[in-house]
Amino acid sequence: NLRIDRSIMVVVIKGAGPGFSAGHDLKEMQNNKNEVFFRNFFEQCSTLMQSIIKLPQPVIAQIHGTAAAAGCQLVATCDLAIASTTAKFATPGVNIGLFCSTPMVAVSRKLPRKKMMEMLLMGDLVDAETALEFGLINRVVAYGQLEETGTLWSVTEIDFYEGYVYDSGSIQYDADDDGKLDTMPF
């Protein structure tokens with residue numbers, strides 16, 4: 001269990017294959033139009049995203065290809081995001097008559113409103129440099145440097161004192177983000 005194992009200092013999420021994450025299977029969603037399916041479907045997604053947020057370790061998204069819809073939500077949910085110049089980002093539900101309301105929550109916490117609405121209402125692919133400009137990711141590197149940069153960040157760049165600094169900072173930030181923290185937790 002990642003939450004308990006203090007020997008794991010950083011979690012890096014990577015995609016396998018040509019894309020980072022295509023998000024949900026939209027055909028499956030279109031073919032299952034019953035309330036129970038959607039409730040279970042979105043509950044699983046929410047549980048995954050909340051488990052990432054609640055980890056005591058920083059979580060880095062290392063994006064090499066396309067991150068679409070819930071894949072874009074995954075990027076926005078991570079603490080840090082490094083993308084290669086080949087990465088693309090989109091919330092394309094609008095292109096098939098669906099609004100990406102679940103990805104909107106995480107994306108809206110990272111992007112200014114106008115940029116977020118541009119992504120949600122246009123459904124276009126956004127390149128890595130634009131995602132950086134929008135605030136969705138932290139850094140863009142050449143494709144060949146992505147792995148090295150992810151390793152460098154996870155091993156040497158993030159400073160830790162037995163995980164305490166990140167853990168307490170994350171708790172403080174998350175509480176403040178929800179408007180529930182008026183003072184320091186100590």
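These numbers come from the heavy atoms of this one structure, side chains and all, not from hydrogens, waters or symmetry mates.
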- Query: When rounded to the nearest 0.5 angstrom, what is the spacing between SG in C78 and NZ in K110?
  - Reply: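 Output value for this atom pair is 9.0 Å.
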
- Message: So, taking the atom named CD1 in I137 and the one named CZ in R139, what distance separates them when rounded to the nearest 0.5 Å?
- Response: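 Reported value, rounded in 0.5 Å steps: 10.5 Å.
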
Work out which heavy atom in [X] is nearest to a heavy atom in [Y]; give both atom names and the distance.
| X | Y | value |
| --- | --- | --- |
| F89 | A128 | CE1-CA, 4.0 Å |
| P103 | A70 | CG-N, 3.8 Å |
| C100 | P92 | SG-N, 4.1 Å |
| L136 | C72 | CD2-SG, 3.7 Å |
| K88 | L125 | CB-CD2, 3.8 Å |
| S154 | V12 | CB-CG2, 4.0 Å |

Do [X] side-chain atoms and [Y] backbone N/O form a donor-acceptor pair below 3.5 Å?
| X | Y | result |
| --- | --- | --- |
| N138 | I82 | no |
| N95 | G123 | yes |
| T86 | H64 | yes |
| Q57 | R3 | no |
| T91 | M119 | yes |
| T66 | A68 | no |
| T47 | E43 | yes |
| T77 | Q73 | yes |

- Message: Which residue is it: I60, V141, V140? I am looking for the one with a side-chain contact (heavy atoms from CB on, under 4.5 Å) to T149.
- Response: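 Checked I60, V141, V140 against T149; only one passes side-chain contact (heavy atoms from CB on, under 4.5 Å): V141.
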
- Task: Would you sort out whether R39 and E35 count as a salt bridge (charged side-chain N to carboxylate O under 4.0 Å, His left out), showing the intermediate values?
- Result: CA-CA 6 Å; R39 184 176 294 126; E35 187 177 332; 2.3 Å; yes

- Query: Between F41 and F38, how do the two ring planes meet: parallel, tilted or perpendicular, split at 30° and 60°?
  - Reply: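 Plane angle over 60°, so perpendicular.
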
- With the 4.5 Å side-chain cut-off for hydrophobic clustering, are I8 and I13 part of the same group?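 Yes, I8 and I13 fall within the same hydrophobic cluster.
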
